[in-house]
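Numbering starts at 1 and runs along the sequence shown.
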Amino acid sequence: MTPRVLITGGQGLVGKALATRVLAQGLTVRVSCRQKPANTDLRIECVQTTDLSATTDWLPAVQAIDTVVHCAARVHVMHDTEADPLAAFRAVNVEGT
């Protein structure tokens, strides 16, 4: 049976590169994403998840998965409109993780 890998943040810079590499090694790839991308490799399964937070329901994404590689994060937000950017950063990168 081919190992199945879930990559969180699969539409980000690191996640996309990792998904391509994992596919090249012959593994099955699923990525979590907030919205279905139009240009994803058809061999990659995309499971929609909500924003990364302490209450995100990961059950649909992790079912039948052998390994999770966590690449999702709040990074380099340009023109941030959050009232408290540090709190938003921590909500995703600390509490969400």
Side-chain angles (χ1 to χ4, degrees):
M1 185 168 158
T2 304
R4 297 176 55 88
V5 177
L6 169 67
I7 301 171
T8 69
Q11 294 302 301
L13 180 69
V14 174
K16 282 182 187 178
L18 182 60
T20 299
R21 177 69 180 227
V22 171
L23 273 176
Q25 293 179 348
L27 282 71
T28 301
V29 177
R30 177 184 295 165
V31 298
S32 67
C33 49
R34 285 179 284 182
Q35 47 193 312
K36 294 261 186 193
N39 60 348
T40 299
D41 186 315
L42 294 178
R43 297 172 295 168
I44 297 174
E45 177 187 0
C46 181
V47 174
Q48 283 187 267
T49 53
T50 59
D51 287 338
L52 183 60
S53 73
T55 60
T56 302
D57 179 10
W58 288 102
L59 189 57
V62 299
Q63 287 193 15
I65 291 295
D66 300 301
T67 303
V68 176
V69 181
H70 182 49
C71 297
R74 178 177 167 82
V75 296
H76 60 77
V77 176
M78 307 306 254
H79 311 292
D80 203 329
T81 59
E82 291 289 336
D84 186 348
L86 181 57
F89 178 87
R90 287 181 176 153
V92 171
N93 296 348
V94 177
E95 296 162 21
T97 298

Just wondering, do [Y] and [X] contact through their side chains at under 4.5 Å, heavy atoms?
| X | Y | answer |
| --- | --- | --- |
| Val47 | Trp58 | no |
| Arg34 | Gln48 | no |
| Leu52 | Thr8 | no |

Rounded to the nearest 0.5 Å, what's the gap from [atom1] on [X] to [atom2] on [Y]? Could you check?
| X | Y | atom1 | atom2 | value |
| --- | --- | --- | --- | --- |
| Lys16 | Cys71 | NZ | SG | 13.0 Å |
| Arg90 | Asp84 | CZ | CG | 8.5 Å |
| Ile65 | Arg4 | CD1 | CZ | 5.0 Å |
| Leu86 | Asn93 | CG | CG | 10.5 Å |

Tell me the closest heavy-atom pair linking [X] and [Y], and the distance in Å.
| X | Y | result |
| --- | --- | --- |
| Leu6 | Ser32 | CD1-N, 3.9 Å |
| Cys33 | Gln11 | CB-CG, 3.7 Å |
| Ala88 | Glu82 | CB-CG, 3.7 Å |
| Pro3 | Asp66 | CA-OD2, 3.3 Å |

**OP:** With Val5 as reference, evaluate Val31, Val68, Leu27, Leu23 under the side chain to side chain contact (heavy atoms under 4.5 Å, CB included) test and give the passing residue.
**Re:** Leu27
Subject >> Asp51 and Arg74 ion-paired at < 4.0 Å >> reply: no
